[in-house]
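Following: one structure in structure tokens, then a few remarks.
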Amino acid sequence: MRILYHHRTASKDGQAVHIEELIAALREQGHEVLVVGPTAAQAEGMGVKVGWVHRLKRMLPSALYELLELAYSWVAYRRLAAAARTFRPHVLYERYNLYLLAGVMIKRRFGLPLLLEVNAPLAEERERFGGLALRTLARWSERTVWRNADFVLPVTHVLAQHVTACGVPAERIVVIPNGINEEHFAQAPDAAVAKRQLGLEDRLVLGFTGFVRDWHGVDRVVRWLAGPNAPADAVLLVVGDGPARADLEQLARSLAVAERVRFTGVVAREKIPEHVAAFDVALQPAVVPYASPLKLFEYLALGKAVLAPSVPNLLEILTDGDNAVLFDPRDDSTFEAGLLRLCTDAGFRCRIAAGAARTIQTRGLTWTENARRVIALGERAGAPRAGLASRGSSDAVARP
């Protein structure tokens, strides 16, 4: 099958992992993929944002910036149209972004089936967290794109409820959560080797990965380390960086546990498995209510005992006492009790880790399986059967 893949993601972060892994999985299965999207951050490391975009957003009035986002749809449409004429795709796959109407325009112009991946209800999210000037226009654009896709692919069932509320029929909504590249994580060392490489021999490692922000709740772990119940050998390893780092380091110093809190800084994507391999307890202290967090799948892939909040989107993947220990996000005492048990009961921790290790395979939570689901949906939407399509690979990228 020939797939025209469209996105507007320029940052090199978890979004880029999702994009790159799904495209790689599609190509590995013999499908041709032509990517149309920004390339500004492709040569940079993980965690990099596109500086000029953020400077422009700060400089311009919010309404003007949002109108420029909408205007970009015409730019993207012209590039997609040129790609469609030369590449002759069987299906258009688009990663949803706010004010991005180009995919719907191409669907109507060329009669292409449109598969729309949705990772967040961005009109609501931006209004709540980043400010949104043109609320009515934003909601209209979101509703228009969601309703006009042949299939909408939210990453959780919680997010699917947002899509349904916008008037998309249930039969055109298919949940596809994030996944894992099993081959990438199969190369990770065992825990003892990983700890030795990081200078953490004989330590009980509580681990967190990602771009840490205040709302992630990592401060609770630092405070717990300073309390009377924390084992003396316990340390917190944060694999990543983020705006909350300075405050967390200051908190650790003020509580006299600075030597037990370590930040790696930004870590290259290929190095993540060898860091996560060192974890004894993998932390997901908080989560956006509709998200499918990539770090969770990395924890599960490496068979780590997960501590996470008992919230609907995580309950789609996690079961308390089986592949995770879940706590009530409204009750700090349940967080502390769960963490204490995982730290002090090695047998229990190993049972939870074993359950975590089984989850990826039993649930099919891999990019390979996601690619198969995408192809099946493309066929249902009217694209030619994959087995009859031309095979090969295309590395071409249409650059904005």
Between [X] and [Y], is there a shared hydrophobic cluster once you connect ILVMFWY residues whose side-chain heavy atoms come closer than 4.5 Å?
X	Y	result
L283	L204	no
L340	V218	yes
V193	L200	no
Y77	F87	yes
V175	L365	no

Which atom names give the shortest non-hydrogen contact between [X] and [Y], and what distance separates them?
X	Y	value
C343	L206	SG-CD2, 3.6 Å
G338	V325	CA-CG1, 3.9 Å
R27	V33	NH2-O, 2.9 Å
G179	L294	O-CD2, 4.2 Å
V118	L159	O-CD2, 3.2 Å
N181	W367	N-CD1, 3.5 Å

Student check: side-chain heavy atoms of [X] and [Y] closer than 4.5 Å:
X	Y	value
W146	P121	yes
R349	R341	no
S310	D320	no
S73	V75	no
L314	P309	yes

Under 4.0 Å between a side-chain nitrogen and a carboxylate oxygen: does that hold for [X] and [Y]?
X	Y	answer
E201	K195	no
R223	D219	yes
R139	E127	yes
D332	R220	yes
K295	E298	no
E20	R269	yes
D322	R351	no
K107	D150	yes

Which distance, rounded to the nearest 0.5 Å, do you find between the [atom1] of [X] and the [atom2] of [Y]?
X	Y	atom1	atom2	result
L98	S141	CG	OG	4.5 Å
L34	R2	CG	CZ	11.0 Å
R372	H31	CZ	NE2	9.0 Å
M1	H90	CE	NE2	7.5 Å
D247	R213	CG	CZ	13.5 Å
N178	I317	CG	CD1	9.5 Å

Can you tell me if [X] uses its side chain to pair, donor with acceptor, with the backbone of [Y] under 3.5 Å?
X	Y	answer
D280	V205	yes
Y290	Q161	no
D345	F348	yes
R358	R363	no

Counting only heavy atoms not in [X], do more than 12 fall under 6.0 Å of its [atom1]?
X	atom1	result
D331	CG	yes
E183	CD	no
R253	CZ	yes

Of L198, L236, V238, V239, the residue whose pairing with R262 passes side chain to side chain contact (heavy atoms under 4.5 Å, CB included):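 With R262 as partner, L198, L236, V238, V239 yield a single side chain to side chain contact (heavy atoms under 4.5 Å, CB included), made by L198.
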For residues 300-308, tabulate all N or O donor-acceptor pairs below 3.5 Å that involve a side-chain atom, not counting sequence neighbours.
| unit_1 | atom_1 | unit_2 | atom_2 | d |
| --- | --- | --- | --- | --- |
| K304 | NZ | A277 | O | 2.7 |
| K304 | NZ | F279 | O | 3.0 |

Side chain to side chain donor-acceptor pair (under 3.5 Å) partner of Y99, the single match among E69, E66, E142: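 So, applying the side chain to side chain donor-acceptor pair (under 3.5 Å) to Y99 and each of E69, E66, E142, only E66 qualifies.
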Output field: ring centroids F335/W224 closer than 6.0 Å: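 For F335 and W224, the ring centres are not under 6.0 Å apart.
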Distance flag, aromatic centroids of H216 and F208, threshold under 6.0 Å: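 Yes, the ring centres sit under 6.0 Å apart.
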Among side-chain atoms of [X] and [Y], is any donor-acceptor pair under 3.5 angstrom?
X	Y	value
Q361	E182	yes
E117	Y93	yes
Y5	E94	no

